[in-house]
Amino acid sequence: MPTSIVLEQSFDFLHMVWMLPKGWGKSHGRNRHGQDGRKLCPRQEISDADAKDAALLEGIMRLDTLSVPDKRRRLVQELAPRLTDGYLFVQRDMLNRIFRAALGRRRVGRDVDEDDRVVSSHAQLKGRMQNWHKAQKTSCGLPKRVSRAKRLMSWSLEHVSRLLRSPIYLGSSSQKLRSRKATARKRYIIRDAIYWVPLIMITMGVRPEEILQAAVPDVVRRGGILCLFVGDEEDAVLKNEQSRRVLPIPQILLDLGFREWVVAKSRSGETWLFPDIQPDRPHGRRSQIFGDRLRNLFKTLKLQDPREDIYAMRRTLSSKLMGLGIDTGTRQRILGHLEGTTVDKHYSDHGLLELKDLLDSVDYGIDVGHDRGFAFPIIVGTRTALQAALDVDVALSDQREVSAVQLRDAETDEIVFEATISGRKAPSTFPWNECGALEEKDVAARIISLVDDILVLRDLHLEAGATPEDIRQLLAHARTAIEGLLHCVRQIAQAWRAHRSQTTEIGANSVPSLQVRAKVSYAYSPFAANHSTTACAAWLRFGPRIANM
DNA sequence: TCGCATAAAATGAGAATGGA
DNA sequence: TCCATTCTCATTTTATGCGA
């Protein structure tokens with residue numbers, strides 16, 4: 001059948017796109033007015049990347065001293081990243097549109113038979129991609145092709161703490177170069193968007209765009225509580241209050257002098273809270289320009305992390321609220337309200353007070369104090385309630401029982417512990433192929449002692465003058481965390497049994513000090529393991545609820 | 001599930017600016 | 001003056017939401 005040849009051709013084309021190095025489209029240099037840039041040949045880009053990758057793979061395979069997991073880690077880091085699977089679907093959609101424009105709806109449409117297609121359906125492409133992924137593995141399961149999928153997460157407390165200890169908050173030696181550390185003589189703290197917006201995002205959970213367009217009169221007192229009206233429309237200042245959300249300003253911002261800062265703005269006749277951030281010309285949005293600036297700054301401050309980007313700051317509040325043991329309904333209402341998705345846009349004055357109390361209960365360990373050099377309160381330090389983070393990978397047998405566990409340090413990605421459970425059919429592919437088998441009970445015992453060690457070690461790092469009593473308390477604290485961890489692992493299996501295809505957030509109550517990120521992969525579906533964010537990943541946080549189930 | 005839309009991040013370029 | 005940093009913009013890449 002001639003059409004099937006066409007379908008194969010479109011598969012070939014998509015496969016080629018799939019092999020494109022991630023950055024190829026951005027290296028043409030035509031990103032400013034009147035720029036000629038340079039012509040790039042996609043096939044050439046692919047074969048260059050292929051050649052480099054092949055050489056790297058060969059070199060690494062020859063290193064006999066390296067363990068297989070170490071080899072993999074190096075490959076994942078050093079292979080040229082290609083376009084992501086998700087983006088390929090976007091490309092497929094575009095190809096589909098092109099063909100439909102050319103051939104009409106009868107030849108290209110969603111109801112065309114699979115066999116008669118010119119461009120594959122999503123389902124067909126998914127299936128085909130499975131084979132492509134298989135072909136991109138060496139015989140020992142090492143990857144020959146990698147991509148850099150974005151995993152959206154919330155900022156860890158360490159990250160927040162590092163931000164709060166940066167020159168943005170502790171002071172810079174120059175008013176313009178904010179990344180320069182303050183010196184004994186020169187110390188400037190500039191309270192503009194760069195200063196306030198990250199704080200507002202982590203304490204109030206609003207989007208940058210919403211806060212950036214706030215006007216001075218949007219900050220008002222209501223029932224004795226200082227509040228902010230936020231709206232997501234342009235000309236927000238012209239909209240009536242009825243159509244906009246009202247959020248209480250958390251205590252920590254008040255302690256930092258937010259009210260006085262706004263009053264000063266108002267006195268000097270300012271209209272906007274953040275006049276330095278103007279809408280950009282092409283889209284009329286402020287978040288673009290703000291994001292660019294903050295990203296630039298984070299880059300020089302070495303605060304950037306592909307897993308924890310600016311937008312992820314907002315999620316920090318959500319996960320902290322979960323960690324506080326706030327029940328599902330309330331939390332969803334708060335977050336819904338914070339995110340502007342709920343119908344009940346208005347809180348009564350009493351509700352506002354309640355909401356403020358909730359926001360205030362989230363503790364980022366910010367110490368506010370005064371300094372002779374400044375007329376306003378400043379951050380003098382952070383007491384980080386340390387939150388050790390572990391990435392947990394769990395493989396399930398086809399009976400959906402836990403068959404293998406791998407714990408990795410979230411910061412270093414170092415494997416802390418891995419084991420398969422004896423008597424269960426564990427996956428034989430990477431990363432499970434190197435695991436030794438242990439009895440279920442031993443696995444649990446080992447995890448317990450490990451988590452203990454990690455937490456205690458981390459805490460000992462911080463507390464220079466810790467007493468034996470402190471250590472006893474740490475141990476007691478760690479024990480709850482472990483129980484939570486085990487509970488979590490059990491929950492993963494349970495949740496998975498119930499709902500195989502949804503992203504889940506699972507938690508155990510009242511264990512705020514250990515953050516567990518977990519990924520579940522199916523022993524019998526190597527393809528699924530590559531779709532960490534959609535089909536088969538479960539991010540676990542400690543908290544009282546199972547979300548999105 | 002598919003088709004389409006959108007938000008935001010990422011990248012690279014050049015110009016402007018800051019500081020020593 | 002030199003070099004690093006910052007700012008801005010065009011453009012690509014990534015993930016996700018919504019409605020049929």
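Letters A, B, ... mirror the listed sequences (proteins, then strands); counts begin at 1. All values derive from a computational prediction rather than experimental measurement.
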Margin query: Using heavy-atom distances to pick each residue's nearest nucleotide on DNA chain B, tell me which of A:S27 and A:I310 is more 5'.
Written below: A:I310
Item checked: Donor + acceptor pair across side chains of A:R43, A:S47 (<3.5 Å) -> no
Next item on the list: Using whole Å, report how far CG of A:L88 lies from P of C:dT14.
Entry: 10 Å
Margin query: Can you work out whether A:G109 or A:K26 has the more 5'-proximal nearest nucleotide on DNA chain B?
Written below: A:G109
Checklist line | Point-to-point distance, once rounded to the nearest 0.5 Å, from OG of A:S174 to NZ of A:K176 | finding: 8.5 Å
Next item on the list: For side chain to side chain contact (heavy atoms under 4.5 Å, CB included), just list the numbers for A:K186 and A:K181, CA-CA rounded to whole Å, side-chain angles, deciding distance to a tenth of an Å, and then say yes or no.
Entry: CA-CA 9 Å; A:K186 287 187 175 177; A:K181 259 193 185 154; over 6 Å; no
Check: Does a side-chain N or O from A:R293 land closer than 4.0 Å to OP1 or OP2 of C:dC9, or not?
Finding: no
Margin query: Can you say whether a donor on the side chain of A:D93 sits under 3.5 Å from an acceptor on the base of B:dC2, or the other way round?
Written below: no
Margin query: Rounded to whole Å, how long is the line connecting atom CD of A:E114 with atom C1' of B:dC2?
Written below: 12 Å
Note to self: For nucleotides 15-20 of chain B, give me one character per nucleotide, 5' to 3': B if any protein heavy atom sits under 4.0 Å from the base, S if the only such contacts are to the sugar-phosphate, - if neither.
What the structure shows: ---SS-
Next item on the list: Give the nucleotide from the list C:dA15, C:dT8, B:dC2 with an atom nearest to the side chain of A:S121.
Entry: B:dC2
Item checked: Intra- and inter-strand pairs of DNA chain C in dot-bracket (Watson-Crick or G-U wobble, both distances under 3.5 Å; | for another strand) -> ||||||||||||||||||||
Next item on the list: Examine C:dT13: is either OP1 or OP2 under 4.0 Å from a nitrogen or oxygen in the side chain of A:Y87? Give yes or no.
Entry: yes
Checklist line | Partners passing ring pair (Phe, Tyr, Trp, His ring centres under 6.0 Å) against A:H15 (at least two apart in sequence or in another chain) | finding: A:W18, A:W132
Next item on the list: Please report the shortest heavy-atom distance between A:W272 and A:A214, naming the atom on each side.
Entry: CE3-O, 3.8 Å
Next item on the list: Would you tell me if any nitrogen or oxygen in the side chain of A:S179 comes within less than 4.0 Å of OP1 or OP2 on C:dT6?
Entry: yes
Check: Nearest heavy-atom pair of A:G373 and A:D371: which atoms, and what distance?
Finding: N-OD1, 2.8 Å
Next item on the list: Choose from C:dA20, C:dT11, C:dT6 the nucleotide whose nearest atom is closest to any side-chain atom of A:R110.
Entry: C:dA20
Next item on the list: Pick base, sugar-phosphate or nothing for A:R38, based on heavy-atom distances below 4.0 Å to the nucleic acid.
Entry: sugar-phosphate
Next item on the list: Check the distance between C:dT11's P and A:I289's CD1 and give it to me in whole angstrom.
Entry: 16 Å
Note to self: Side chain of A:K22, heavy atoms from C-beta onward: which of C:dT14, C:dC9, B:dG12 has the nearest atom to it?
What the structure shows: C:dT14
Notebook entry, point to check: What is the distance, rounded to the nearest whole Å, between atom NZ of A:K299 and atom P of B:dA10?
Noted result: 10 Å
Notebook entry, point to check: What nucleotide among C:dT14, C:dT8, C:dG19 has an atom nearest to a side-chain atom of A:K150?
Noted result: C:dT14
Margin query: Tell me if a side-chain donor or acceptor on A:Q124 pairs with a main-chain N or O of A:E114 at a distance below 3.5 Å.
Written below: yes
Checklist line | For the student: nearest non-hydrogen atoms of A:A193 and A:I277, plus distance | finding: CB-CG1, 3.6 Å
Notebook entry, point to check: A:I190 CD1 to C:dT6 C1': how many Å, rounded?
Noted result: 13 Å
Checklist line | Closest contact, heavy atoms only, A:L7 versus A:S120 | finding: CD1-N, 3.5 Å
Checklist line | Nearest non-hydrogen partners of A:I194 and A:Y169, listed with the distance | finding: O-OH, 3.8 Å
Margin query: Rounded to whole Å, please give me the gap between CG in A:N296 and P in B:dT11.
Written below: 12 Å
Notebook entry, point to check: Side chain of A:W24: nearest nucleotide among C:dT13, B:dC2, B:dA5?
Noted result: C:dT13
Item checked: Spacing between A:I277 atom CD1 and B:dA8 atom C1', to the nearest angstrom -> 16 Å
Next item on the list: Would you mind reading off the distance between A:L212 atom CG and B:dA7 atom P, rounded to a whole angstrom?
Entry: 15 Å
